[in-house]
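Just so we're on the same page: letters track the sequence lines, and every chain starts at 1.
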Number of protein chains: 2
Amino acid sequence: MYSSELVKGTLKTIILKLLSESDKMYGYEITQKVKDLTGGKIQLTEGALYPTLHAMEAQGILTTDVVNVGNRIRKYYSVTQTGKKVATEKVNEFSDFIDTMIFLLDLKPKMG
Amino acid sequence: MYSSELVKGTLKTIILKLLSESDKMYGYEITQKVKDLTGGKIQLTEGALYPTLHAMEAQGILTTDVVNVGNRIRKYYSVTQTGKKVATEKVNEFSDFIDTMIFLLDLKPKMG
DNA sequence: ATTTATACCTAATTTTCTTAGGTATATAAA
DNA sequence: TTTATATACCTAAGAAAATTAGGTATAAAT
């Protein structure tokens, strides 16, 4: 687990990237996928996630589709047309930011 | 200039890295060096910088040396022994975080 | 029967930053 | 010569974004 301050500011970018790849995901699913993909190094908290998802929906970046699974509700989120642009911009900006930080902190980028 | 939320959480790491390389720097100098090295893409605000420097001094990570330059004061900061450990930890953690984000967002790292 | 996992949510607090000032000297431009 | 820019420090109010710590409810595992 990284110190909380490090992960700050990356939440929207992470959400948008994951939702851009699979056409729909629900909140809990997002937390689990991020946990899996990062080996537990990044764990989104629900207190941060849900308000952010609601805000992004209000901004027209995401749309929702509420489904009943057994007796539980599940709220699927997907990226709108506008959201796709935002997603690309966010990811590109973050990519540029990483390059800048690698240079500034004199880090060796790993080979893929 | 990056969106402010992106740069959040990187301030201490940037300060510690720069101060670890030159034995002493003053606040204004740090803002200028970061601006220069990043081509203006990262511009530290004084309202964030000074309180952080003060906090890091209070925590024993930095020490100060106040000098008179003409009729102006200049407050030099340098990294303490404890601070050097923190600096290494912070930079390593950030480096690891970048690797994780590159994987999570499926970014292509640039060649150095 | 109780804990863990799933699945949603909110409210109070804390952390961290921005905004917007204030003080003061030195230099460059108009 | 006055005005703007650069240097150089600082703080306080407010905003933004997260954490912490709850609440509700079903399903599955211990």
Side-chain angles (χ1 to χ4, degrees), chain A residues 1-16 18-19 24-36 40-59 61-62 64-77 90 94 97, chain B residues 1-16 18-19 24-36 40 42-59 61-77 90 94 97:
Chain A
M1 276 276 281
Y2 300 117
S3 68
S4 70
E5 59 179 11
L6 255 194
V7 190
K8 281 181 186 178
T10 60
L11 183 55
K12 281 179 205 160
T13 308
I14 291 171
I15 292 171
L16 283 169
L18 293 188
L19 285 179
K24 58 174 180 167
M25 289 179 87
Y26 54 99
Y28 188 77
E29 190 184 4
I30 294 172
T31 65
Q32 296 310 301
K33 182 136 193 177
V34 170
K35 193 178 166 186
D36 282 0
K41 284 180 175 179
I42 298 178
Q43 275 168 258
L44 307 183
T45 59
E46 299 189 332
L49 179 67
Y50 289 115
T52 299
L53 287 172
H54 302 162
M56 290 169 89
E57 188 188 2
Q59 287 159 24
I61 295 169
L62 304 178
T64 55
D65 179 21
V66 180
V67 172
N68 284 301
V69 178
N71 291 330
R72 284 211 217 95
I73 21 162
R74 192 177 281 176
K75 204 167 172 181
Y76 280 99
Y77 288 87
K90 277 269 171 198
F94 193 79
F97 174 65
Chain B
M1 275 275 282
Y2 299 115
S3 67
S4 70
E5 57 177 13
L6 255 195
V7 191
K8 280 182 185 176
T10 61
L11 182 55
K12 281 179 206 162
T13 309
I14 291 172
I15 292 171
L16 283 170
L18 293 187
L19 285 178
K24 58 174 182 169
M25 290 179 87
Y26 53 99
Y28 187 78
E29 189 184 6
I30 294 173
T31 65
Q32 297 309 302
K33 182 136 197 179
V34 170
K35 193 179 166 186
D36 282 0
I42 298 178
Q43 273 168 260
L44 306 184
T45 60
E46 299 188 333
L49 179 67
Y50 288 115
T52 299
L53 287 172
H54 301 162
M56 289 169 88
E57 188 187 3
Q59 287 159 24
I61 295 170
L62 304 178
T63 37
T64 56
D65 180 22
V66 180
V67 173
N68 284 301
V69 179
N71 290 331
R72 286 210 216 95
I73 20 161
R74 191 177 282 177
K75 204 166 170 181
Y76 281 100
Y77 287 87
K90 277 267 172 201
F94 192 80
F97 173 65

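A:Lys41 pairs by the side-chain hydrogen bond (donor to acceptor under 3.5 Å, both in side chains) definition with B:Asp96, not counting sequence neighbours. Shown here are the side chain to side chain contact (heavy atoms under 4.5 Å, CB included) partners of A:Thr31, two or more places apart in sequence or in another chain: A:Tyr28, A:Leu44, A:Leu49. In this view, B:Thr64 and B:Glu57 satisfy the side-chain hydrogen bond (donor to acceptor under 3.5 Å, both in side chains) rule, not counting sequence neighbours. Applying the ring pair (Phe, Tyr, Trp, His ring centres under 6.0 Å) test to B:Tyr26 and every residue at least two apart in sequence or in another chain returns B:Tyr76. Every side chain to side chain contact (heavy atoms under 4.5 Å, CB included) that A:Ala55 has, sequence neighbours left out, goes to A:Gln59.
If A:His54 and A:Glu5 are placed on DNA chain C by their nearest nucleotide, the residue sitting closer to the 5' end is A:His54.
When every heavy atom of B:Val66 is checked against every heavy atom of B:Ile73, the shortest pair comes out as CG1-CG2, 3.6 Å. A:Lys90 and B:Ser3 make their closest contact through NZ-OG, 4.4 Å (heavy atoms, listed as atom of the first residue, atom of the second, distance).
For the segment residues 65-72 of chain B, residues with any heavy atom less than 4.0 angstrom from an atom of DNA chain C are, sorted by number, B:Asn71, B:Arg72.
C:dT16 atom P lies 11 Å from atom CG of A:Leu6, rounded to whole Å. Taking atom NZ on A:Lys75 and atom C1' on C:dT10, their separation rounds to 13 Å, with Å as the unit.
To the nearest 0.5 angstrom, A:Leu53 atom CG is 7.5 Å from A:Leu19 atom CG.
For DNA chain D, the outermost nucleotides in 5' to 3' order that have an atom under 4.0 Å from a heavy atom of chain B are D:dA6 to D:dA17.
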Please list, for nucleotides 17-20 of chain C, all pairs of protein and nucleotide N/O atoms separated by less than 3.5 Å.
{"from": "C:dC17", "atom 1": "OP1", "to": "B:Gly9", "atom 2": "N", "distance (Å)": "3.1"}
{"from": "C:dT18", "atom 1": "OP2", "to": "B:Thr45", "atom 2": "OG1", "distance (Å)": "2.8"}

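Note on B:Glu29 versus B:Lys24: no salt bridge recorded, every NZ/NE/NH1/NH2 to OD/OE distance being 4.0 Å or above.
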Donor-acceptor pairs under 3.5 angstrom involving side-chain atoms of residues 9-16 of chain B: please list them, not counting sequence neighbours.
{"from": "B:Thr10", "atom 1": "OG1", "to": "B:Val7", "atom 2": "O", "distance (Å)": "2.5"}

